[in-house]
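These notes concern the structure reproduced below.
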Amino acid sequence: MIVRSLEDVEGTDSDIKTENWRSKRIILAKEGVGFSVHETTLYAGTESEFWYANHIEAVFITQGEGTVTDKATGETHELKPGTVYLLNDHDKHIVRPRTEIKCVCVFNPPVTGREVHDENGVYPLVLEEPAGA
C-alpha cells in the first residue's frame, strides 16, 4: 500500500511550477500501477495550450471555474467543481481559468515526473521500470 499526501511532494522534484500552473505529481510510473496521479493548480487569468500526443489524460475539477476548448472542433466547455474532461483522442486543447482551478489529473501511460512540455505542449513518452522490477 502506498499512502502519500500533497505535503509529501511539495518542494520536491515531483512539485513542478510554471508561470501558468503547478503540478504536484503524487503517483508516478515508478510505482508500477499503470497510471500517474497529479494535483494541478491552474492560475486565474492564464491560458495554457496542451497536447498529450503520447498520453491519455482524465481531469477532474475540484475547485474553481474556467473553460476548456477543443482545438480540433473549436467547441468550448465550462469547467467547475465536479466536471471531468477526458482527452481520449489525444486532443489538443486550451484551458482558460477564470478563477484558480484545482484539479486531479490521471495519465496513462504514467508519467515519470521528468517530462517537460515541448513547443507543442506535448509530453514526450518516457518509459521507466517500476521500482523493484
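The residues of the chain are indexed from 1 along the displayed sequence.
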Query raised in the report: Can you list the other members of the hydrophobic cluster that holds M1, where links are side-chain heavy atoms under 4.5 angstrom apart?
Result: V3

Query raised in the report: Can you pull the side chain to side chain donor-acceptor pair (under 3.5 Å) pairs that have at least one residue in residues 59-72, sequence neighbours excluded?
Result: E49-K71, T69-T76, T69-R96

**Report entry** Nearest heavy-atom neighbours spanning H38 and I27
**Finding:** CD2-O, 4.5 Å

Query raised in the report: Hey, are the side chains of T112 and L28 touching, using non-hydrogen atoms and a 4.5 Å cut-off?
Result: no

Report task. Could you state whether L42 and V9 fall into the same hydrophobic cluster, counting links through intermediate Ile, Leu, Val, Met, Phe, Trp or Tyr residues with side-chain heavy atoms under 4.5 angstrom apart? Result -> no

Query raised in the report: R22 versus Y43: any side-chain heavy-atom pair under 4.5 Å?
Result: yes

Only distances under 3.5 Å count here; give the side-chain donor-acceptor pairs of residues 77-86 to other protein atoms, sequence neighbours excluded, each with its distance to 0.1 Å.
{"residue": "E78", "atom": "OE1", "partner": "R98", "partner atom": "NH1", "Å": "3.3"}
{"residue": "E78", "atom": "OE1", "partner": "R98", "partner atom": "NH2", "Å": "2.7"}
{"residue": "T83", "atom": "OG1", "partner": "K80", "partner atom": "N", "Å": "3.4"}
{"residue": "T83", "atom": "OG1", "partner": "K80", "partner atom": "O", "Å": "3.0"}

Query raised in the report: So if you build clusters from Ile, Leu, Val, Met, Phe, Trp, Tyr with side-chain heavy-atom gaps below 4.5 Å, do I2 and F35 land together?
Result: yes

N/O donor to acceptor pairs below 3.5 angstrom from side-chain atoms of residues 100-111, sequence neighbours left out:
{"residue": "K102", "atom": "NZ", "partner": "T41", "partner atom": "OG1", "Å": "3.0"}

Report summary line: Residue set satisfying side chain to side chain donor-acceptor pair (under 3.5 Å) with E7, at least two apart, ordered chain then number -> S5

Query raised in the report: Should we count CG of D13 as having more than 12 external heavy atoms under 6.0 Å?
Result: no

Query raised in the report: Is there a side-chain contact between E39 and I26 (heavy atoms, below 4.5 Å)?
Result: yes

Query - side chain to side chain donor-acceptor pair (under 3.5 Å) partners of T73, counting only residues at least two apart - result: none

Query raised in the report: Do you know the tightest heavy-atom contact between W51 and D91?
Result: CD1-C, 4.2 Å

Query raised in the report: Once the angle between the rings of Y52 and F50 is folded into 0 to 90°, is it parallel (under 30°), tilted (30 to 60°) or perpendicular (over 60°)?
Result: parallel

Query raised in the report: Are V68 and L87 connected in a single hydrophobic cluster, I mean Ile/Leu/Val/Met/Phe/Trp/Tyr linked by side-chain heavy atoms less than 4.5 Å apart?
Result: yes

Query - Gap between atom CZ of R4 and atom CD of E31 - 0.5 Å precision - result: 4.5 Å

